[in-house]
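I have placed the structure first, in the form of structure tokens, so that the comments after it can refer back to it.
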Number of protein chains: 2
Amino acid sequence: MNSSTEEDYLKAIYKLTPQFPDGVLTSAIAEVLETKASSVTDMLKKLSEKGYINYVKYQGVTLQPIGEEVAIKVIRKHRLWEVFLAEKLDFTWDEIHEIAEQLEHIVSVNLIDRLDKYLGFPKFDPHGDPIPDKNGKFQKIKDVALRDLNVGDVAILVGVREHSKEFLQYLENIKLLLGSKIEVLNKFAFDESVLVKINGKSEIMLSSLLCKNISVTHEKPKK
Amino acid sequence: MNSSTEEDYLKAIYKLTPQFPDGVLTSAIAEVLETKASSVTDMLKKLSEKGYINYVKYQGVTLQPIGEEVAIKVIRKHRLWEVFLAEKLDFTWDEIHEIAEQLEHIVSVNLIDRLDKYLGFPKFDPHGDPIPDKNGKFQKIKDVALRDLNVGDVAILVGVREHSKEFLQYLENIKLLLGSKIEVLNKFAFDESVLVKINGKSEIMLSSLLCKNISVTHEKPKK
DNA sequence: TCAAGTATTTAGACTAGTCTAAACATTTCT
DNA sequence: AGAAATGTTTAGACTAGTCTAAATACTTGA
Ligand SMILES: [Mn+2]
Ligand SMILES: [Mn+2]
Ligand SMILES: [Mn+2]
Ligand SMILES: [Mn+2]
């Protein structure tokens with residue numbers, strides 16, 4: 001069996017892989033796990049021993065198939081628990097992550113498949129992230145960042161690329177939630193801020209950083 | 001904060017207290033936690049340092065109010081999760097304990113009260129054990145062991161005093177479940193076995209050990 | 001009552017995970 | 001290319017929890 005610490009490391013490596021295709025760097029892992037590089041090195045040696053990763057000193061790390069499998073299982077658990085917390089217990093999307101961070105490590109042969117069934121086999125979690133099925137398969141979503149839209153575009157918010165409480169609470173505040181309709185009214189080059197209309201009602205100015213972290217489905221302007 | 005290990009120790013001491021009113025013995029704790037006496041001694045020192053227990057070398061241990069409070073909170077969590085697993089995810093009563101043993105350590109300010117509400121504020125868990133409310137209050141049940149009934153008595157199964165898989169699976173097997181009606185048809189002195197009729201249907205012989213671990217509400221014979 | 005037996009505690013060691021500081025590689029810049 | 005800066009690993013130490021073996025205290029019963 002794997003400890004919850006090992007699971008968190010494998011998950012972190014999995015999530016960082018797209019940004020570091022030929023080897024996730026020690027410092028990147030240290031940053032997302034809020035730990036020191038030396039601790040990461042120790043764990044990488046151990047995960048390498050166990051055959052979960054391919055680790056070359058100073059070169060970074062890639063997941064072995066078995067390590068990816070573990071990572072995807074943990075992510076499946078995390079996202080299903082998030083759905084449970086949001087839909088059944090009425091937690092908001094900024095509250096669920098840290099609880100799911102613990103729940104994802106509960107060990108049981110049947111638990112997660114039963115939970116999946118109970119929730120109606122959801123395909124996405126409350127942040128718009130896809131939920132791997134029992135076999136680890138899931139759709140990669142083909143979304144686009146809000147900041148890449150053009151003036152006049154209309155789009156639907158389908159996900160967030162940042163999960164901090166502060167970010168999510170701000171979105172909650174301005175009623176910019178999963179499924180919200182966004183019209184791009186204007187874009188300002190000097191600070192890359194964007195003026196949008198939300199659900200045909202409120203108009204609001206969004207900062208560059210915000211627009212970078214909002215995923216939308218691109219729809220063509222109505223013309 | 002307390003580690004899950006500390007929580008398990010406090011819970012064990014709490015549960016053993018009725019049997020050891022003037023000090024729970026090291027060896028008793030070691031047995032229920034399936035660990036060694038020397039490990040228990042180490043932990044008792046630590047819990048004593050922290051003010052959770054009153055520990056006198058060689059004399060056993062009693063809970064301080066603050067330690068009892070922690071223990072009751074953990075028990076509340078354990079039993080509510082058991083209700084969730086049984087009622088929402090259709091686990092049987094022999095499967096829920098070990099999962100709840102993990103879930104009881106999830107840390108969150110709101111989680112357990114939300115779960116309580118979601119479940120409709122249940123008063124008893126699937127084994128018939130009372131669930132402490134938000135303030136730690138719960139009814140002590142005034143039940144009696146099946147073996148203390150007399151021939152002719154009719155009673156309802158309201159709890160079990162043993163939580164092993166084997167015991168619970170056996171009861172499941174003979175359809176002797178929470179709420180079952182039990183009529184005492186005969187009692188045999190030589191091995192203290194008891195012949196009963198379950199729910200007015202099947203007749204079965206129950207061993208002494210079994211009868212000791214089944215709690216019933218005593219009802220007077222219909223006469 | 002005191003010797004034997006039993007229970008408990010102490011001593012010392014081990015694993016998992018973490019950290020700081022120092023050593024060592026790699027990359028970047030002049 | 002060589003020096004400086006940056007990133008990574010190693011060395012050594014620390015905490016939480018556990019264990020075995022030895023020492024010590026309590027209990028029992030001859
Ligand atoms: Mn986690
Ligand atoms: Mn999520
Ligand atoms: Mn537990
Ligand atoms: Mn129970």
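Because the structure is a prediction, the values reported are computed rather than measured. Excluded from the calculations below are hydrogen atoms, water molecules and symmetry mates; all remaining heavy atoms, backbone and side chain alike, are included.
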Taking 4.0 Å as the cut-off, does a side-chain nitrogen or oxygen of [X] come that near to OP1 or OP2 on [N]?
| X | N | answer |
| --- | --- | --- |
| Tyr9(A) | dA16(C) | no |
| Lys36(A) | dT8(D) | no |
| Thr35(B) | dT18(D) | no |
| Ser39(B) | dC19(D) | yes |
| Ser27(A) | dT6(D) | no |

Geometric class of the Tyr118(A)/Phe84(B) ring pair [parallel <30°, tilted 30-60°, perpendicular >60°]: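 Plane angle over 60°, so perpendicular.
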
Quiz item: Ser38(A) side-chain donor-acceptor pair to dT18(C) base, under 3.5 Å: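 Result: no qualifying N/O pair found.
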
Asp133(A), Asp113(A), Asp129(A) screened by salt bridge (charged side-chain N to carboxylate O under 4.0 Å, His left out) with Arg76(A), the one that passes: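 Among Asp133(A), Asp113(A), Asp129(A), the one meeting salt bridge (charged side-chain N to carboxylate O under 4.0 Å, His left out) with Arg76(A) is Asp113(A).
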
Out of dT9(C), dT10(D), dT18(D), whichever nucleotide has its closest atom nearest the side chain of Lys45(A):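 It is dT10(D).
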
Find the distance [X]:[atom1] to [N]:[atom2] and express it as a whole number of Å.
| X | N | atom1 | atom2 | value |
| --- | --- | --- | --- | --- |
| Met1(B) | dA16(D) | CE | P | 15 Å |
| Glu31(A) | dT8(D) | CD | P | 12 Å |
| Asp42(A) | dC14(D) | CG | P | 16 Å |
| Ile29(B) | dT18(D) | CD1 | C1' | 16 Å |
| Met43(B) | dT10(C) | CE | P | 16 Å |

Option among His97(B), Arg161(B), Glu82(B), Arg79(B) that satisfies the side chain to side chain donor-acceptor pair (under 3.5 Å) test with His127(B):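 Single side chain to side chain donor-acceptor pair (under 3.5 Å) partner of His127(B) among His97(B), Arg161(B), Glu82(B), Arg79(B): Glu82(B).
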
Closest-nucleotide 5' rank along DNA chain C - winner of Tyr58(B) and Gln59(A):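 This one resolves to Tyr58(B).
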
Lys57(A) or Glu34(A), whichever maps to the more 5' nucleotide of DNA chain C: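 By nearest-heavy-atom nucleotide position, the 5'-most residue is Glu34(A).
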
Donor-acceptor pair, side chain of Arg147(B) and main chain of Glu192(B), under 3.5 angstrom: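 Answer holds: no.
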
